[in-house]
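Below is one structure, written out as structure tokens; the observations come after it.
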Amino acid sequence: MRIGILGSGSGSNMQAILDAIGAGTLDAEIALVLSDVPGAYILQRAENHGIPARLIDCRGFKTRFPEEAQQETADALKAAGCDLVCLAGFMRLVKQPLLDAFPDRILNIHPALLPAFPGVAAWKQAVEAGATESGCTVHYVDAGMDTGPVILQAKVPVLPDDTPESLHARIQVEEHRLYPEAIRLLQSERRL
Ligand code: GAR
């Protein structure tokens, strides 16, 4: 299975997938890494591992993922022979035509127990809401914001003295375990 990764940040979730592949616990290959953020560390990580990586040009669009850029992304993923697309800290909403190019083949990891706290900085939302529990979710991507069918979730406690940063760090430990596990689950159930 050839995975294409889309990310806007440090790429620690991509690293977790790479580590699982390296450890022989996930039968896959990361074929292409794309980022909408110039200089994002995820691009550097990809280069460090000899994985083709490049920027998606979203200049002029602060948050939106323009249709031309989605088409360019879909074309690049297809050209790299990707069968699965994993969003790993990708901060733009995927819509048509990218969704149509990979039906039921785009996954996302979100740092909360969806449907709770969709959107940005979910760890901060959880602390500010006074939640006593949060976690992370791997789900299929649909046209909504963090609304697609859930594949797996992992819970973590929110402690009384948590800051958004300390909660995010606890969630990320679970994310790094959960993302490879979710891909493995889909493979074993022949859903990929
Ligand atoms: C992760 O916590 C991921 O769940 C979150 O961004 C972080 C990226 O970290 N994604 C979202 O909030 C998407 N709505 P990483 O770049 O180190 O994998």
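Note that the coordinates shown come from a computational prediction; the quantities given were computed from them, not determined experimentally. Atoms within each ligand, like the ligands themselves, are counted from 1 in listed order. One-based numbering along the sequence shown.
- Residues Y179 and M14 are not in side-chain contact: their nearest non-hydrogen atoms beyond the backbone lie 4.5 Å or more apart.
- The shortest separation from a heavy atom of H168 to ligand 1 is under 4.0 Å, placing the residue in contact.
- Ligand 1 has no nitrogen or oxygen under 3.5 angstrom from a nitrogen or oxygen of W123.
- Closest to atom 17 (O) of ligand 1 among all protein heavy atoms lies S12 OG, 2.5 Å.
- With respect to atom 14 (N) of ligand 1, the closest heavy atom belonging to the protein is H110 ND1, 3.4 Å.
- Screening L87, L84, L77 against I106 for a side chain to side chain contact (heavy atoms under 4.5 Å, CB included) leaves a single residue, L87.
- The protein atom (non-hydrogen) at minimum distance from atom 16 (O) of ligand 1 is G11 N, 2.8 Å.
- Atom CD1 of I5 sits about 8.0 Å away from atom CD1 of I51, to the nearest 0.5 Å.
- Below 3.5 Å of separation, one finds no N or O of N108 facing any N or O of ligand 1.
- Side chains of Q125 and E128: a donor-acceptor N/O pair is absent below 3.5 angstrom, by distance only.
- Residue contact annotation: M91 has a non-hydrogen atom under 4.0 Å from ligand 1.
- Of all protein heavy atoms, the one closest to atom 11 (C) of ligand 1 is P111 CD, 3.7 Å.
- The residue from E175, H176, R92 that puts a heavy atom closest to atom 4 (O) of ligand 1 is E175.
- Classification of E174 and R177 as a salt-bridged pair holds, one side-chain N sitting under 4.0 Å from a carboxylate O.
- The shell of residues lying under 4.0 angstrom from ligand 1, judged by heavy atoms, excludes G7.
- Shown in contact with G89 at under 4.0 Å from a heavy atom are these atoms of ligand 1, numbered in order with element: 6 (O), 8 (C), 10 (N).
- A cation-pi arrangement, defined by a distance under 6.0 Å to the six-membered ring centre and an angle within 45 degrees of its axis, is absent between K124 and F117.
- Among all non-hydrogen protein atoms, the one lying nearest atom 9 (O) of ligand 1 is Q172 NE2, 3.4 Å.
- Residues L99 and V94 meet the side-chain proximity criterion, which asks for heavy atoms closer than 4.5 Å.
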